[in-house]
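To keep things clear, I will list the structure first and then write my remarks on it.
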Amino acid sequence: MLDIKYIRENPDHVKAALVNRQMSGETAKIDTLLQLDTERRRIISEVETLKATRNKVSDDIAAIKKQKGNADAMIAEMKTVSDTIASLDRGLAATQSQQEEILLQLPNVPHSSVPIGKDASENTVHKEVLTSKREFDFAPKDHLELGKSLGLLDFERGAKISGAGFPLYMGKGATLERALINFMLDLHLEKHGYTEIFPPFFVNQASLRGTGQFPKFIDQVYHIPAYDLYAIPTAEVPVTNIHAGEVLKGKDLPIKYAAYSACFRSEAGSYGAGTKGFLRVHQFNKVEMVKFALPETSYDELETLVSDATDILDALQLPYRILLLCTGDMSANAAKCYDIEVWSPAEQKFLEASSCSNFEDFQARRAGIRFKRDEKSKTEFIHTLNGSGLATSRLMVALLETYQTKDGHITVPEVLRPYTKFAVI
RNA sequence: GGAGAGGUGGCCGAGUGGCUUAAGGCAACGGUUUGCUAAACCGUCAUAGUAUCGUAAGGUGCUAUCGGGGGUUCGAAUCCCCCCCUCUCCGCCA
């Protein structure tokens, strides 16, 4: 959420951000917002003057009554004042909720280092690491074929149990998945200094609002009406909200959390191309990294977040590239975002395995996450960042395909063997 | 699911309609005293909104906030209703 004061003082900058995000149709909302803001402040000024009067006169009434005097006329007068206050307060609440509704829908302002572009075609390649890219002397099988022939993955039975898009891992496939999760968590804890979190997988609406999935992206989230709970689309939601409504100490920053969770996404409206197997699923596993950082260091923290994620791919010796997303392709909550894509030999294309973003104070303002530099200083909003490190689904695709042998088996990468306890599948 | 007890500032805790601008204590911070530490004493000690002064840091006024929301009243931490959370007991249960 953007600061209404910032919008009031920089309306053209905010409108330009919308245009750069290919949302030029939304710029009129800024004018509406500013009108509501003027109206809101006008009512506040009027109603607070009346409240000050009422508070003053109520004290006078108390004093008169204490001396057994008659205050009937003042009471009658204050009754009409109170009625006016009630009426103004209703108008204020209506104006505020309209303003809030627009504010919650507005996207973040992209950082100045983000390239302006209309869509994914204008993302720029930030870095490519293809040293481990493998030349096959046979036609590589895809992950579906490998998963089926080796008995690792059973999408048909997953569909029988739950529906399409709910993967079922079996035997060494399940073990390999668990090994990947443990390997990634251990690396982040031991080498990168993150604190492990195991969060709830269901959250309330306030948490989704805090990280920005509600209201704009709520159609992507599974909802259980009977309990009014939402299945987390990413551990970002529960982990970022750990500190919702809190004032953190400057000396504790940055705070770095790493969390495994299952992730649930309805992927409404995205059936069709590129949906087979793991390429698009409703449930997947992910290790998520979340940082709470000082505003002046958050962009440095973004760079290390990306390298923390790619360390996994380097260790697994999988080829990948890092994209810097342009204004038109970046998600609404982010100020700057890198995608990490891992190479699929069978698909002959890069698959998104991670998204690392700096939200600046966008989520912090929604979730009320602040900090004080020291005892004396005023509270400021913190900067939040998060990135997958990594999602196992696309990683599993790349891993199975890259490590397949000519006779249809899988060589387990060295770093995973302590976890799998087997070297070949 | 049933019954009961609770939720007050960073923490503890008083507060049954106006005398509370939320008592008192602890912790923290600044200072005085002090050979050093400790103690004592003095002071500071919320958050947000809004208006205003200031180049700014910040100051000042007003308003709101005692788990959340609504109601009664001239006036609510206090009375009423709904909800959330915590604890105790009972029941059920993977």
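In the text below, chain A, chain B and the rest are named by the order of the sequence lines, each starting its count at 1.
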**OP:** Assign Arg42(A) to base, sugar-phosphate, or nothing according to its heavy-atom contacts below 4.0 angstrom with the strands shown.
**Re:** nothing

**OP:** Run the ring-centre check on His223(A) versus Phe264(A) and record whether the distance is less than 6.0 Å.
**Re:** no

Original post:
Rounding to the closest angstrom, what is the interatomic distance between rA46(B) and rA28(B) at atom C1'?
Top reply: 14 Å

Original post:
Counting only Watson-Crick or G-U wobble pairs whose two distances fall under 3.5 Å, which nucleotide matches rA28(B)?
Top reply: rU44(B)

Subject >> Residues within residues 84-100 of chain A bordering RNA chain B, heavy-atom distance below 4.0 Å >> reply: none

Subject >> Counter-base of rA77(B), judged by Watson-Crick or G-U geometry with both distances under 3.5 Å >> reply: none

Subject >> Pairwise P distance, rU8(B) and rC66(B) [rounded to whole Å] >> reply: 12 Å

Original post:
When the P atoms of rG67(B) and rU78(B) are considered, how many whole Å apart are they?
Top reply: 9 Å

Original post:
For Asp37(A), which residues count as a side-chain contact (heavy atoms from CB on, under 4.5 Å) partner, sequence neighbours excluded?
Top reply: Ile4(A), Arg8(A), Arg40(A), Arg41(A), Gln99(A)

**OP:** Name every residue in residues 47-55 of chain A that has at least one heavy atom under 4.0 Å from any atom of RNA chain B, in order of residue number, or write none if there are no such residues.
**Re:** Glu48(A), Lys51(A), Ala52(A), Arg54(A), Asn55(A)

Subject >> Test ring pair (Phe, Tyr, Trp, His ring centres under 6.0 Å) applied to Tyr257(A) and His243(A), step by step >> reply: CA-CA 12 Å; Tyr257(A) 292 138; His243(A) 295 299; 5.7 Å; yes

**OP:** Under 4.0 Å between any heavy atoms, over every strand shown, what does Ser45(A) touch: base, sugar-phosphate, or nothing? Just pick one.
**Re:** nothing

Original post:
Taking the C1' atom of each, how far is rA40(B) from rU20(B), in whole Å?
Top reply: 30 Å

Original post:
Does the side chain of Gln363(A) come under 3.5 Å of the side chain of Thr384(A) through a donor N or O and an acceptor N or O?
Top reply: yes

**OP:** Please list, chain by chain and in numerical order, all residues satisfying side chain to side chain donor-acceptor pair (under 3.5 Å) with Glu303(A), sequence neighbours excluded.
**Re:** Tyr338(A)

Original post:
What pairs with Lys336(A) under salt bridge (charged side-chain N to carboxylate O under 4.0 Å, His left out), at least two apart in sequence or on another chain?
Top reply: none

Original post:
Roughly how far apart, to the nearest Å, are rA14(B) and rG25(B) at atom C1'?
Top reply: 11 Å

**OP:** Return the nucleotide paired to rG49(B): Watson-Crick means purine N1 to pyrimidine N3 with N6-O4 or O6-N4, wobble means G-U with N1-O2 and O6-N3, both under 3.5 Å.
**Re:** rC62(B)

**OP:** Could you pull out all residues at least two apart from Ile161(A) that satisfy side-chain contact (heavy atoms from CB on, under 4.5 Å)?
**Re:** Leu168(A)

**OP:** Using a heavy-atom cut-off of under 4.0 Å over every strand shown, decide if Lys5(A) touches base, sugar-phosphate, or nothing.
**Re:** sugar-phosphate

Original post:
Is there any ring-ring contact (aromatic ring centres under 6.0 Å, His included) pair reaching into residues 145-180 of chain A, and which pairs are they, with sequence neighbours excluded?
Top reply: Phe155(A)-Phe278(A), Phe166(A)-His282(A), Tyr169(A)-Phe278(A)

Original post:
Are the aromatic ring centres of His383(A) and Phe359(A) under 6.0 angstrom apart?
Top reply: no

Original post:
How close do Leu324(A) and Cys337(A) get, heavy atom to heavy atom, and via which atoms?
Top reply: CD1-O, 3.7 Å

Original post:
Paired with rA38(B) by Watson-Crick or G-U wobble geometry, both distances under 3.5 Å: which nucleotide is it?
Top reply: none

Subject >> Inter-nucleotide P distance (rG7(B), rG13(B)), Å rounded >> reply: 10 Å

**OP:** Using Watson-Crick or G-U wobble geometry with both distances below 3.5 Å, tell me the partner of rU33(B), or none.
**Re:** none

Original post:
Side chains of Glu177(A) and Thr392(A): is there a donor and an acceptor less than 3.5 Å apart?
Top reply: yes

Original post:
Any cation-pi pair here, Lys172(A) with Phe422(A), using under 6.0 Å and within 45°?
Top reply: yes

Subject >> Start and end of chain A contact along RNA chain B [non-hydrogen atoms, under 4.0 Å] >> reply: rG18(B) to rG75(B)

**OP:** Write down the partner of rU16(B) under the Watson-Crick or G-U wobble criteria, each distance required to be under 3.5 Å.
**Re:** none

Original post:
rG71(B) and rC12(B): how far apart are their C1' atoms, nearest whole angstrom?
Top reply: 33 Å

Original post:
Can you name the residues that form a side-chain contact (heavy atoms from CB on, under 4.5 Å) with Ser207(A), not counting sequence neighbours?
Top reply: Val203(A), Asn204(A), Val237(A), Asn241(A)

Subject >> Pair partner, rA5(B) [Watson-Crick or wobble, under 3.5 Å] >> reply: rU86(B)

Original post:
Mind checking what makes salt bridge (charged side-chain N to carboxylate O under 4.0 Å, His left out) contact with Asp311(A), not counting sequence neighbours?
Top reply: none

Subject >> 5' priority, RNA chain B, between Val247(A) and Lys378(A) [closest heavy atom] >> reply: Val247(A)

Original post:
Quick one, which residues of residues 62-70 of chain A touch RNA chain B with a heavy atom under 4.0 Å?
Top reply: Ala62(A), Lys65(A), Lys66(A)

Original post:
Reckon Ile44(A) touches a base, only the sugar-phosphate, or nothing at all at heavy-atom distances under 4.0 Å?
Top reply: sugar-phosphate

**OP:** Output every pair passing ring-ring contact (aromatic ring centres under 6.0 Å, His included) with a member in residues 58-88 of chain A, not counting sequence neighbours, ordered by first then second residue.
**Re:** none

**OP:** Can you tell me, in whole Å, how much space there is between the P of rC85(B) and that of rC80(B)?
**Re:** 22 Å

Original post:
For Lys372(A), which contact category applies under a 4.0 Å heavy-atom criterion: base, sugar-phosphate, or nothing?
Top reply: sugar-phosphate

